[in-house]
Amino acid sequence: MPELPEVETTKRGLEPLIVSKIVNRVILHRDNLRWEIPKHLKTTLANQIIVDINRRGKYLLIQFKVGTLIIHLGMSGSIKVVDSIEALKKHDHFELELTNGKSMRLNDPRRFGAVLFSEGGSHVLLDSLGVEPLESDFDESYLYVRSRKKTQNIKAFIMDSKIVVGVGNIYACESLFACGIDPERKAGGISKAHYQLLTQCIKTILTQAIKAGGTTLQDFSQVDGSPGYFTQTLNVYGREAEKCSACNGKISRIIQNQRSTFYCKSCQS
DNA sequence: CTTGTCACCTGAGCGC
DNA sequence: TGCGCTCAGGTGACAA
């Protein structure tokens with residue numbers, strides 16, 4: 001599900017609802033997601049004030065004085081803040097009950113997400129992450145240098161979180177369409193000029209998607225329950241056999257690295 | 001080191 | 001209605 005725009009949308013939605021609020025208790029409705037949820041959170045975070053919320057790649061970082069609660073939404077996760085007395089939904093797995101009568105609930109049907117904790121703020125899962133795509137250090141020189149001699153396809157390259165974080169299957173497809181690059185091209189053979197186009201397209205598309213509240217396919221919703229509206233802006237993703245918005249061609253779907261890739265054979269080369 | 005594949009899990013949608 | 005199949009916003013752990 002959630003790529004960078006969806007996680008950023010979640011972060012922005014949560015911020016006014018949980019920052020400066022106090023945790024009454026932590027409730028584990030199951031003891032694991034992708035990994036075991038630390039049991040000590042019940043005692044560690046009880047009565048603690050939420051100091052801040054941040055995002056690193058697709059990770060949400062909820063800051064406490066005693067450390068950082070790290071949440072990943074996996075493929076199907078979403079977070080809502082509801083009245084604590086509201087009935088649990090199916091697949092609500094983790095809950096921060098606040099002292100103001102509200103609860104932050106993590107719902108994740110497929111359970112590929114994670115709830116972790118770091119005392120110091122750093123974590124092995126965050127240590128080797130690449131640059132943020134919306135920061136200025138993500139530019140054509142960065143991608144050009146890192147891609148030399150790489151034989152993998154350009155789509156896998158920009159989806160590699162050790163290179164750049166937050167670009168998932170939807171936005172990789174959309175970005176490559178926007179700048180006219182064939183997703184099957186080898187990353188190492190792409191010119192600096194094309195990398196400039198690509199970085200600009202990634203930045204533009206992610207920014208527009210955040211503005212639209214993200215993309216909703218099935219599971220994702222914003223913190224208030226409303227869907228993301230970027231779905232209607234998608235040019236190729238999920239549009240196999242439909243007409244290309246830029247030419248008379250048909251959108252193709254191929255499989256790359258076990259994932260569907262949508263693109264236009266005549267617009268992308 | 002790099003690249004590609006598998007595994008984790010539930011649910012929606014489709015053809016029969 | 002039901003069954004079996006395919007597909008789905010991610011990514012760590014492996015094998016090659």
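Proteins get letters first, then strands, A, B, ... in listed order; numbering begins at 1 in each.
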Is [X] close enough to [N] that one of its side-chain N or O atoms is under 4.0 Å from OP1 or OP2 there?
X	N	result
A/Arg253	C/dC7	yes
A/Thr151	B/dT2	no
A/Lys150	B/dT3	yes

Between [N] ([atom2]) and [X] ([atom1]): distance, integer Å:
X	N	atom1	atom2	result
A/Asn107	B/dG11	CG	P	10 Å
A/Ile158	C/dG10	CD1	C1'	15 Å
A/Asn257	C/dG10	CG	C1'	13 Å
A/Ile163	B/dT3	CD1	P	9 Å
A/Met75	B/dA7	CE	P	16 Å
A/Asp160	B/dT2	CG	C1'	10 Å
A/His91	B/dA12	NE2	C1'	12 Å
A/Gln256	B/dC6	CD	C1'	18 Å

Determine whether [X] and [Y] make a side-chain contact, defined as any pair of heavy atoms from C-beta on separated by less than 4.5 Å.
X	Y	value
A/Thr9	A/Phe230	no
A/Leu129	A/Arg56	yes
A/Glu132	A/Arg55	yes

Among [options], which nucleotide has an atom closest to any side-chain atom of [X]?
X	options	result
A/Lys90	B/dG4, C/dC7, B/dG11	B/dG11
A/Arg110	B/dT3, B/dC9, C/dG10	B/dC9
A/Gln258	B/dC6, C/dC7, C/dT11	B/dC6
A/His72	C/dC7, C/dT11, B/dT10	C/dT11
A/Gln152	C/dG10, B/dG4, B/dG11	B/dG4
A/Phe112	B/dT5, C/dT11, B/dC8	B/dC8

If pairing requires Watson-Crick or G-U wobble contacts with both distances under 3.5 Å, which nucleotide is the partner of B/dT2?
C/dA16
Closest non-hydrogen atoms of A/Ser141 and A/Lys192, given as atom of the first, atom of the second and distance, are OG-CE, 3.4 Å
Return the minimal non-hydrogen interatomic distance between A/Pro183 and A/Asn153, and the atom names on each side.
O-CB, 3.4 Å
Donor-acceptor pair, distance only, cut-off 3.5 Å: does the side chain of A/Gln268 make one with the backbone of A/Cys264?
yes
Distance only, no hydrogens: is a donor on one side chain within 3.5 Å (strictly under) of an acceptor on the other, for A/Glu95 and A/Ser103?
yes
Ignoring hydrogens and geometry beyond distance, is a side-chain donor-acceptor pair present between A/Asp108 and A/Ser76 at under 3.5 Å?
yes
P gap between C/dC7 and B/dT5, integer Å:
16 Å
When rounded to the nearest Å, what value does the distance between P atoms of B/dC6 and C/dT6 take?
15 Å
Atom pairs, N/O to N/O, protein against nucleotides 12-16 of chain C, distance under 3.5 Å?
from: C/dG12; atom 1: OP1; to: A/Tyr59; atom 2: OH; distance (Å): 3.4
from: C/dG12; atom 1: O4'; to: A/Arg34; atom 2: NH2; distance (Å): 2.7

Go through the N and O atoms of the side chain of A/Arg111 and the base of B/dC9, and report whether any donor-acceptor pair is under 3.5 Å.
no
